[in-house]
Amino acid sequence: MTTPIKSEKDRVVIFDTTLRDGEQCPGATMTHEEKLEVAELLDTMGVDIIEAGFPIASEGDFAAVNEIARRAKTAVVCALARAGSQDIDRAGEAVKPARRSRIHTFISTSPVHMKWKLQLEPEQVYEMVIASVTRARGYTDDVEWSCEDGTRTERDFLCRCVEAAIKAGATTINIPDTVGYAVPEEYSALIKMVRERVPNSDQARFSVHCHDDLGMAVANSLAGVRAGARQIECTVNGIGERAGNAALEEAVMAMRVRQDLLPYWTGIDATMLTRASKLVAAVTSFPVQYNKAIVGRNAFAHESGIHQDGMLKHAQTYEIMMPADVGVKQTSLVMGKHSGRHAFVHKLEELGYHLAGNQLEDAFVRFKALADRKKHVYDEDIEALVDEEIATAQDRIKLVSLSVIAGTHGPQRATMKLDIDGKARIEECEGNGPVDATFNCIKAMVPHAAVLELYQVHAVTEGTDAQAEVSVRLAENGRAVTAKGADPDTLVASAKAYLAALNKLTVKSRRGQAEALVVGERRIHSTDVG
Ligand code: KIV
Ligand code: ZN
């Protein structure tokens, strides 16, 4: 079989906005370190442009974009800015250290957005397009302009704005389907129309940015590519505003698997897709739906007898791509209580983790403890353990121990020991059930106003000795964070998840306005043993 020659005209640039549009969605906040880790993986994976954040939004966003700009090896580092000069100056400042930088500036162009959101006349918006792109070009030669709500924009006005943006120096023109309203034929016709009607359209690369409100983000993006767009804006696991953005892994694999109809190529190393999905799920605590295309845990699982029979005869009967193509390895059982440090490090590397120093030591100790309690330690167990190790390394509040009395004769009672900023505390509480008793201990030792919005449990692997993975979402003052905890004991996993969410909230509070959580100041019936 001959390998088709890849022509530059068919190259689709991957613009990842996990750290901007993805991080913007409720509950997906990442810490500074988590953002750096995600950016490093995106860079290694071959993402062309990393939209690292919205620098004017907060000091934290500025710092993350700035540090990613400093560290990125190959990817272009991009910062988002509205059309105002302060936004653009802040974005320009943030991406300054990058080897290759981009400013992405946008303004709404649809009648509904201009009238109600911006309260501006179209002519004022038109002038701002020119001014914003011109200002951004003062910082970098690589400027992207987006017409927010592009798919609901009046066509003549859209073409005028695109022409003006290119004339002012925009090198990429993005036509977002901001509200996820378009259908593929319509979106493809829109891209084609703009490219044909705008006289200077050949001087810019066209880009697609589709939201998934009607479940068509990837289909629309690919339709846009077929109409001549050569940049897809997407996120790992499809996270993003509301129903999310086009999923990077789906767009990339669709082009790889359906070369007959989509003869385009990207620079993405697809074998890293699963790793990227797991990392983003871990740092955002947004679980990946089991049946999610490409990266869901069932994407390559065959349960029914008929399917298993077909698979055993020939994998292509029910698989259109090989699990290894996207980095899925068969779950192995080789790790157990007899495995040594060397085997553990080897396994970590196989799973894509590079731990060192104390983090490695701690992870190894926790692995041994798990192997003592659990007959088979699966790859998923190790991933859950290490993800938690990474996530909790800088936590102010740590779980030391928990014991719970539960059963048919209530009330259930929990005794918990925490380490809060290096001080040990103990609390004993009753509750309406063991989880309630456990959470009451936390509330007594760490008084807070956050509301529990989600409590979800699932088993990491099969069997009654499987680790429980608990997801908790806490909301406080309009901000929400989600976090996970894993342990063979569901109650310990619950406590870990709740504490992880509280730790994330304290980080956010410290980064944002006044500290909202007062840790350990008011303790009822608690004994200070530190
Ligand atoms: O969805 C959208 O329109 C956006 C813009 C900022 C590009 O995210
Ligand atoms: Zn968006």
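Atoms within each ligand, like the ligands themselves, are counted from 1 in listed order.
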Electrostatic pair Arg197-Asp156, nearest N-O below 4.0 angstrom: yes
Charged N-O contact under 4.0 Å between Arg71 and Glu40: no
Listed once per pair and sorted, the side-chain hydrogen bond (donor to acceptor under 3.5 Å, both in side chains) pairs that draw on residues 183-195, sequence neighbours left out: Lys192-Glu196
Residues which pass side-chain hydrogen bond (donor to acceptor under 3.5 Å, both in side chains) with Thr74, listed by chain and number, not counting sequence neighbours: Asp43
Note: Arg160-Glu123 ion pair, threshold 4.0 Å (strictly below): yes
Charged tip of Arg473 within 45° of Phe286 ring normal and under 6.0 Å: no
If only protein N, O or S atoms under 2.8 Å count, total around the Zn ion (ligand 2): 3
Pair Arg90 + Glu59, salt bridge at N-O below 4.0 Å: yes
More than 12 heavy atoms from other groups under 6.0 Å of CE on Met193: yes
His209 and Phe106 aromatic centres sub-6.0 Å: no
Expected rows: ligand 1 N/O, protein N/O, dist below 3.5 Å:
residue, atom, partner, partner atom, Å
ligand 1, 1 (O), His209, NE2, 3.1
ligand 1, 1 (O), His211, NE2, 3.0
ligand 1, 3 (O), Thr178, OG1, 2.6
ligand 1, 8 (O), Arg20, NH1, 3.4
ligand 1, 8 (O), Arg20, NH2, 2.9
ligand 1, 8 (O), Asp21, OD2, 3.1
ligand 1, 8 (O), His209, NE2, 3.1

